[in-house]
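The block underneath contains the structure these notes are about, expressed in C-alpha cells.
Because only heavy atoms are used, hydrogens play no part in the values below, and waters and symmetry mates are left out as well, while side chains stay in. Residue numbers begin at 1 in each chain, while the letters A, B, ... track the order of the sequences.
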Amino acid sequence: MKQTTSSTIFPAPPDGAADALLSWFSENKRDLPFRRPGETTRADPYRVWISEIMAQQTQIDTLIPYFERFIAVFPTLKDLAEASEEAVLKLWEGLGYYSRARNLRKAAIQIQALGDFPDTAKALAKLPGIGPYTAGAVASLAFNQKAAAVDGNVLRVVSRLMDSPADTALPAVRKAISAWLLTWMPEDRPGDFNEALMELGALVCTPKSPSCLICPWRDVCLALKNGTIGERPVKSKRMKHRTEKIAAAIVTDAAGRLLIHRRPSNGLLAGLWELPNVTNSKESAAALKRYLESVLDTTVSDPVFIKNGRHVFTHITWQIAVYQLPLHSSATLKSRDWVFADRDDLKTRYPLPTAFSKLLA
DNA sequence: AAACCGGGGCG
DNA sequence: CGCCCAGGTTT
C-alpha cells in the first residue's frame, strides 16, 4: 500500500515522472569535477561538500575554476582543517558571502575531530555553514542517503511540474515540498534523483525561456499543460535598498606600497581588506584627510580626486569617490589591521573584495 | 519571521 | 544598465 499517511501539499506525482527524470539524467548529466565516484561512496564527500557550499552562490560554470584552485591548494579535509583563515579567504576572493569560507574551515576542524565524515543529514546539519539544503545534498549525493535537497532549482522544477501557486519563499512551503519529494524518491537512488532534479533545473527547466520541448516531463508537466510556466514558481520576498557614499583613498608610501586596512571581524565583508575610506561624510575629502592623519599619526597632503566608482550589493549601493594621496614622509602604523602592501602581497596574500579591487584595475 | 550577507550573468 | 539569481545565520 502506498502513502497511507499522505497529507503533503501536492497529490501524487504524475505516473512515470521518476523514471523519465532518471533516464533523462543518465543520458544528459554533465561531467563535473565533484561528481567522480568516491572510493567507498557514491561521490567524494569532501568534494561534494565544497562544491555545494560554492554552488549556493554561483552558477556551476563560474564555480569550476574556483573549485579546481581550492582542491589544488586543499586536496583533503586535513589540509583545509590546518589552513589559516586568511588563506581560505584568499581562495574565496571574488565569490562573496565570505562567512561561508570561514564556516568551511571551522567545519573542517570539527569533522577532523569527529574522525569520520558525517553521513546523515541530521549529523551534517550540526556543522557550521550547513543548513537543511546542504545537509540533504551531501547526505544524498555523497552517501546515497534518502534525504531531500531542495534548492532554487528544485523549487522551480517542482512548482512547474505540479503547477503550484504556493509561495516558495515561505519556509513552510519548502518543508512541504521536501516531505512530498520523499514520498516518491526511489529508495535505491536518492543521490541520482536529487542530482537529476537540480540538473533538470540548471539545463532545461531554467528560470527564463526553459526548453520545454526537450524536457523529459513535457508530457506530464502541469504548468506546461496550463500555460503557466512563466508564472512559476511564485516568490514573494522583496528587499529594500539603500545608497551609501564612500570616499576611498589610494595612499602609497615612498616605496610605492599601498595602504590597506582590515575590516572588522563581523558585518559586511568581515575580515577582508579595504582601501582606507570614510562613509556618508559631507566633506568627504576633508574627512578622509582627517581620518588618515589620525591613523598615520602625521600630516598628509590634500586628497586629489581621481575618479568615481560604483558597487552594487543586494541591499546597498556604494557610490565611491576615489582620491590619491602619495606619502613622502614616513608613517607609523598603529595596529596589525593596517599594512603597507606591495603589489605581490596584494595579489597573493590579502583578500580584497571586488568593490575595491576593481577600483585599482 | 525578517534582516543580513556579495558578486556574476544576462538581455 | 537594470534586473535576476540562493541558502545559512543572526536578530
Side-chain angles (χ1 to χ4, degrees), chain A residues 49-67 89 91-107 121 124-138 147-159 167-175 177-178 194 197-198 201-203 205-210 230-244 246 263-274 308-320 351-359 361:
Chain A
W49 171 47
I50 303 296
S51 68
E52 286 300 333
I53 298 293
M54 287 183 172
Q56 285 169 11
Q57 64 224 14
T58 314
Q59 298 205 320
I60 298 295
D61 289 341
T62 312
L63 156 176
I64 287 174
Y66 281 92
F67 179 81
L89 283 173
L91 276 170
W92 209 261
E93 185 181 76
L95 274 176
Y97 292 88
Y98 297 94
S99 67
R100 293 163 202 265
R102 278 187 292 276
N103 284 334
L104 213 48
R105 175 174 165 275
K106 281 187 211 159
L124 286 159
K126 295 186 195 304
L127 297 167
I130 299 191
Y133 165 73
T134 309
V138 176
V150 177
D151 69 353
N153 285 316
V154 176
L155 288 173
R156 184 173 60 254
V157 163
V158 166
S159 293
D167 181 357
T168 60
L170 299 176
V173 170
R174 296 168 181 240
K175 282 181 194 168
I177 288 178
S178 297
N194 285 339
L197 285 172
M198 293 187 266
L203 299 181
C205 193
T206 51
K208 276 175 276 188
S209 49
E231 301 163 34
R232 303 288 180 253
V234 173
K235 269 181 293 188
S236 66
K237 279 182 190 163
R238 274 305 125 203
M239 53 193 83
K240 296 176 191 167
H241 206 87
R242 67 177 188 272
T243 298
E244 290 183 351
I246 308 275
R263 295 176 62 88
S265 54
N266 49 43
L268 185 66
L269 302 170
L272 274 75
W273 295 79
E274 66 183 358
N308 283 312
R310 188 168 173 275
H311 186 78
V312 181
F313 301 103
T314 310
H315 53 307
I316 309 171
T317 294
W318 275 356
Q319 291 175 342
I320 310 172
L352 203 66
T354 300
F356 293 100
S357 61
K358 73 185 185 189
L359 294 177

Using 30° and 60° as the class limits, which term best fits the ring planes of A/H311 and A/W318: parallel, tilted or perpendicular?
tilted
Any idea which of [options] is nearest the [X] side chain?
X: A/L268; options: B/dC5, C/dC5, B/dG8; value: B/dC5
X: A/F313; options: B/dG6, C/dG8, C/dA6; value: B/dG6
X: A/Y98; options: C/dG8, B/dA1, B/dG6; value: B/dG6
X: A/P171; options: B/dA1, B/dG6, C/dC5; value: B/dA1

May I ask you to verify whether the side chain of A/Y97 and the base of C/dA6 hold a donor-acceptor pair under 3.5 Å?
yes
Using only modelled atom types and a 3.5 angstrom limit, is any donor from either the side chain of A/R100 or the base of C/dG7 paired with an acceptor on the other?
yes
Provide, to the nearest angstrom, the distance between the CE atom belonging to A/M198 and the P atom belonging to C/dA6.
13 Å
Please report, rounded to the nearest Å, how far the C1' atom of B/dC5 is from the NE2 atom of A/H315.
6 Å
For residues 59-67 of chain A, tabulate all N or O donor-acceptor pairs below 3.5 Å that involve a side-chain atom, not counting sequence neighbours.
residue	atom	partner	partner atom	Å
A/Y66	OH	A/E93	O	3.4

Closest-nucleotide ordering on DNA chain B, the 5'-leading residue of A/T62 and A/G267:
A/G267
With nearest nucleotides of DNA chain B determined for A/K208 and A/L272 from heavy-atom distances, which residue corresponds to the more 5′ nucleotide?
A/L272
Regarding A/R100 and A/N103, is there a side-chain donor-to-acceptor distance under 3.5 Å anywhere?
no
Between A/E52 and A/Y133: side-chain donor-acceptor atoms closer than 3.5 Å:
yes
Atom NZ of A/K175 and atom CG of A/L170: how far apart are they, to the nearest 0.5 Å?
11.5 Å
Looking at CZ of A/R102 and OH of A/Y97, how far apart are the two atoms once the value is rounded to the nearest 0.5 Å?
13.5 Å
Under a 3.5 Å cut-off on both pairing distances, which runs of 3 or more consecutive Watson-Crick or G-U pairs involve DNA chain B?
B:1-5 with C:7-11, B:7-11 with C:1-5
Listed pairs, N/O of protein and of nucleotides 9-11 of chain C, under 3.5 Å:
residue	atom	partner	partner atom	Å
C/dT9	OP1	A/G129	N	2.6

Main-chain N/O of A/R174 paired to A/S178 side chain as donor or acceptor, under 3.5 Å
yes
Backbone N/O of A/L268 and side chain of A/R263: donor-acceptor pair under 3.5 Å:
yes
How is A/T134 classified with respect to the nucleic acid when contacts are heavy atoms under 4.0 Å: base, sugar-phosphate, or nothing?
sugar-phosphate
For A/R310, answer base if it contacts any base atom (sugar-phosphate contacts may also be present), sugar-phosphate if it contacts only those atoms, and nothing otherwise; contact means non-hydrogen atoms under 4.0 Å.
sugar-phosphate
For the C1' atoms, the ones on B/dG8 and on C/dT9, what distance do you get once it is rounded to whole angstrom?
23 Å
Side chains of A/T317 and A/R310, heavy atoms from C-beta outward: is any pair under 4.5 Å?
yes
